[in-house]
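Structure first, then comments.
Owing to the predicted nature of the structure, the values given are computational and were not obtained by experimental measurement. For ligands, and for the atoms within them, numbers begin at 1 and follow the listed sequence.
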Amino acid sequence: GRKWTAVGSVTPEMKDQVVLIRGRVQTIRPVGKKIAFVVVRERGFTVQCVLTVKPELVSSQMVKYATSLSKESIVDIEGVVSIPEKPITGSTQQVEVQISKLYCVNRAVPTLPINIEDAARSEVEIEQALEKGEQLVRVNQDTRLNFRILDMRTPANQGIFRIQCQVENIFRQFLLSEGFVGIHTPKLIGGSSEGGSAVFRLDYKGQPACLAQSPQLHKQMAICGDFSRVFEVGPVFRAEDSFTHRHLCEFTGLDVEMEIKEHYSEVMDIVDRLFVAMFDSLNEKCKKELEAIGRQYPFEPLKYLPKTLRLTFAEGVQMLKEAGVEVDPLGDLNTESERKLGQLVATKYGTEFYILHKYPQAVRPFYTMPCHDNPSYSNSFDVFIRGEEIISGAQRIHVPEFLEKRAGECGIDVKTISTYIDSFRYGAPPHGGFGVGLERVVMLFCALNNIRKTSLFPRDPQRIAP
Ligand code: 4AD
């Protein structure tokens with residue numbers, strides 16, 4: 001096979017070398033009949049290629065042929081790397097390829113529903129272009145999602161989904177190094193796992209069933225099965241009614257469950273070390289991706305501490321109170337007060353990532369362990385990035401009689417989860433865990449404003465295609 005060079009790795013240091021690249025035609029600009037500039041893009045990176053009529057090498061027909069290619073067509077180009085005479089405006093890479101061969105591998109249709117260059121502009125760039133009177137189409141979210149495979153080609157989106165992959169990768173690597181075992185639990189289950197109404201119900205060969213709202217019950221059963229420490233990466237289904245910037249009907253859950261020897265802070269220790277390692281690694285290994293995202297959606301890097309701040313729910317309520325926000329000390333925080341608390345914490349402690357623990361028992365799911373010294377509170381926690389929740393976790397009840405009682409009190413039909421409750425009758429260790437929403441982590445790490453930006457093919461109350 002011939003040696004191929006990635007578009008993103010053509011650098012000025014390669015001057016005078018012959019390279020072979022494959023990419024998409026982003027733009028073609030003819031200059032008279034003898035020269036054409038072809039900008040080629042691959043995985044979010046672009047390089048300018050120049051076609052100049054030269055005896056025996058490039059004919060004027062070839063220039064004509066090149067200018068007839070439609071945008072987004074796939075082309076193979078062979079040419080010599082050179083340094084442009086005049087700097088290329090708007091490009092970070094001051095390098096060109098002098099084309100000697102050009103083949104079209106596959107043509108795109110002549111009119112595209114999304115112009116990738118328009119879709120890749122930042123809000124500021126759009127404003128500036130409009131002021132200058134440039135022809136430009138503002139690409140809205142629905143159009144982007146309807147034609148997601150085109151939208152995916154922008155440098156920012158190329159970055160977002162590479163970051164997502166890295167988050168998942170670090171989650172696995174870190175937990176494997178801590179002695180956790182990766183498992184897979186069923187997504188077709190007999191009853192709701194988190195309670196509430198947000199369940200997709202279905203008919204399972206004549207039996208009522210639903211799509212799993214989380215791996216909660218089965219990951220705990222794996223602990224009863226002596227696995228000690230488990231994790232799972234898998235789909236989670238929520239029949240959300242509300243249409244918000246942070247809820248999907250299907251998202252990717254990163255779940256953890258582990259034995260607790262003495263205190264539920266052991267679970268928070270894992271959260272702390274896992275996420276600090278994750279943020280460090282993203283900042284270090286994904287610089288290009290973060291830059292690409294920031295060019296379209298400018299954002300400040302996440303502020304976090306080497307040792308994650310932990311506040312109790314009561315302390316949070318107090319901070320809000322001092323700032324003039326009254327909240328129910330035994331209720332839940334709403335989105336607005338969570339955001340406000342996030343701002344207060346950032347100002348006071350210099351971090352946008354923190355753990356809030358010891359939540360009121362009444363607002364947590366039935367399986368949550370109450371605090372032994374004050375049963376109005378629970379051994380549970382939420383974790384926030386930039387004032388929005390990315391994780392919830394807790395110690396679980398491992399005593400079957402108590403679990404049964406709590407399920408009943410929370411209005412759950414105990415019969416539908418009898419195999420779960422029975423699992424605790426054969427010797428079950430104290431344990432706890434947490435669940436992370438992958439799309440939310442990426443959204444909030446990059447300060448994006450909508451979870452649909454971090455889901456490749458989002459499923460929300462109004463969208464089940466493409
Ligand atoms: O807070 P949730 O519902 O907690 C559970 O599922 C528990 N079983 C977790 C545990 O182990 N205690 O969901 C966990 C995380 C949330 O913090 C959020 O990041 C994400 O999942 N999440 C959603 N992400 C996108 N769309 C939705 N509709 C989400 N609902 C929850």
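- Remark: Lys303 is not positioned above the aromatic ring of Tyr349, lacking an NZ or CZ atom under 6.0 angstrom from the ring centre and at most 45 degrees off the axis.
- The protein atom (non-hydrogen) at minimum distance from atom 18 (C) of ligand 1 is Arg440 NH1, 3.5 Å.
- Closest heavy-atom contact between Ser337 and Leu320: O-CD2, 3.8 Å.
- Heavy-atom distances between Arg396 and ligand 1 reach below 4.0 Å in at least one pair.
- Here the protein heavy atom with the shortest distance to atom 4 (O) of ligand 1 is Ser392 OG, 3.0 Å.
- The distance criterion of under 3.5 Å between nitrogen or oxygen atoms is met by Ile391 with respect to ligand 1.
- Residue contact annotation: Gly253 has no non-hydrogen atom under 4.0 Å from ligand 1.
- Using cut-offs of 30° and 60° on the angle between ring planes, the pair Tyr359 and Phe313 is tilted.
- The existence of a salt bridge linking Arg310 and Asp269 is confirmed by a sub-4.0 Å separation between a basic side-chain nitrogen and an acidic carboxylate oxygen.
- Every atom of ligand 1 is numbered from 1 in the order shown, and the set under 4.0 Å from a heavy atom of Glu240 is 28 (N).
- At a 3.5 angstrom cut-off on N or O pairs, Glu257 does not count as close to ligand 1.
- An N or O contact shorter than 3.5 Å links Tyr367 to ligand 1 by distance.
- Thr252 pairs with exactly one of Val442, Leu438, Val441 by the side chain to side chain contact (heavy atoms under 4.5 Å, CB included) rule, that one being Leu438.
- Where the criterion is an N or O separation shorter than 3.5 Å, residue side chain and backbone included, Leu248 meets it with respect to ligand 1.
- A donor-acceptor contact closer than 3.5 angstrom links the side chains of Lys187 and Thr185.
- Each of the following atoms of ligand 1 lies closer than 4.0 Å to a heavy atom of Arg246: 25 (C), 26 (N).
- Remark: minimum distance from atom 19 (O) of ligand 1 to any protein heavy atom is reached at Ile390 O, 2.8 Å.
- Residue Val256 has no nitrogen or oxygen atom sitting less than 3.5 Å from a nitrogen or oxygen atom of ligand 1, judged on distance alone.
- Of the possible donor and acceptor atoms, none in the side chain of Arg246 sits under 3.5 Å from a partner among the backbone N and O of Glu388.
- Looking at Lys405 and Glu409, a side-chain N of the basic residue comes within less than 4.0 Å of a carboxylate O on the acidic one, giving a salt bridge.
- Of all heavy-atom pairs spanning Val276 and Pro306, the tightest one is CG2-O, 3.8 Å.
- Among all heavy-atom pairs drawn from Lys219 and Val256, the shortest one is NZ-O, 3.1 Å.
- Selection from Arg238, Lys219, Gln213 by nearest heavy atom to atom 3 (O) of ligand 1 gives Arg238.
- The atoms of ligand 1 that sit less than 4.0 Å from any heavy atom of Gly437 are 15 (C), 19 (O), 20 (C), 21 (O).
- When each of Arg396, Gln220, Glu266, His398 is paired with His431, the side chain to side chain donor-acceptor pair (under 3.5 Å) condition holds for Gln220 and for no other.
- The nearest heavy-atom contact from the protein to atom 29 (C) of ligand 1 is Phe251 CE2, 3.2 Å.
- A salt bridge links Asp382 with Arg364: the distance from a Lys NZ or Arg NE/NH1/NH2 to an Asp or Glu carboxylate oxygen falls below 4.0 Å.
- Proximity of Phe434 to ligand 1, defined as any heavy-atom pair under 4.0 Å, is confined to the backbone N, CA, C and O atoms.
- Residue-level proximity to ligand 1 for Ile451 is carried by the side chain, the only part with a heavy atom below 4.0 angstrom.
- Considering both main-chain and side-chain atoms, Gly435 comes within under 3.5 Å of ligand 1 through a nitrogen or oxygen pair.
- Residue contact annotation: Glu389 has a non-hydrogen atom under 4.0 Å from ligand 1.
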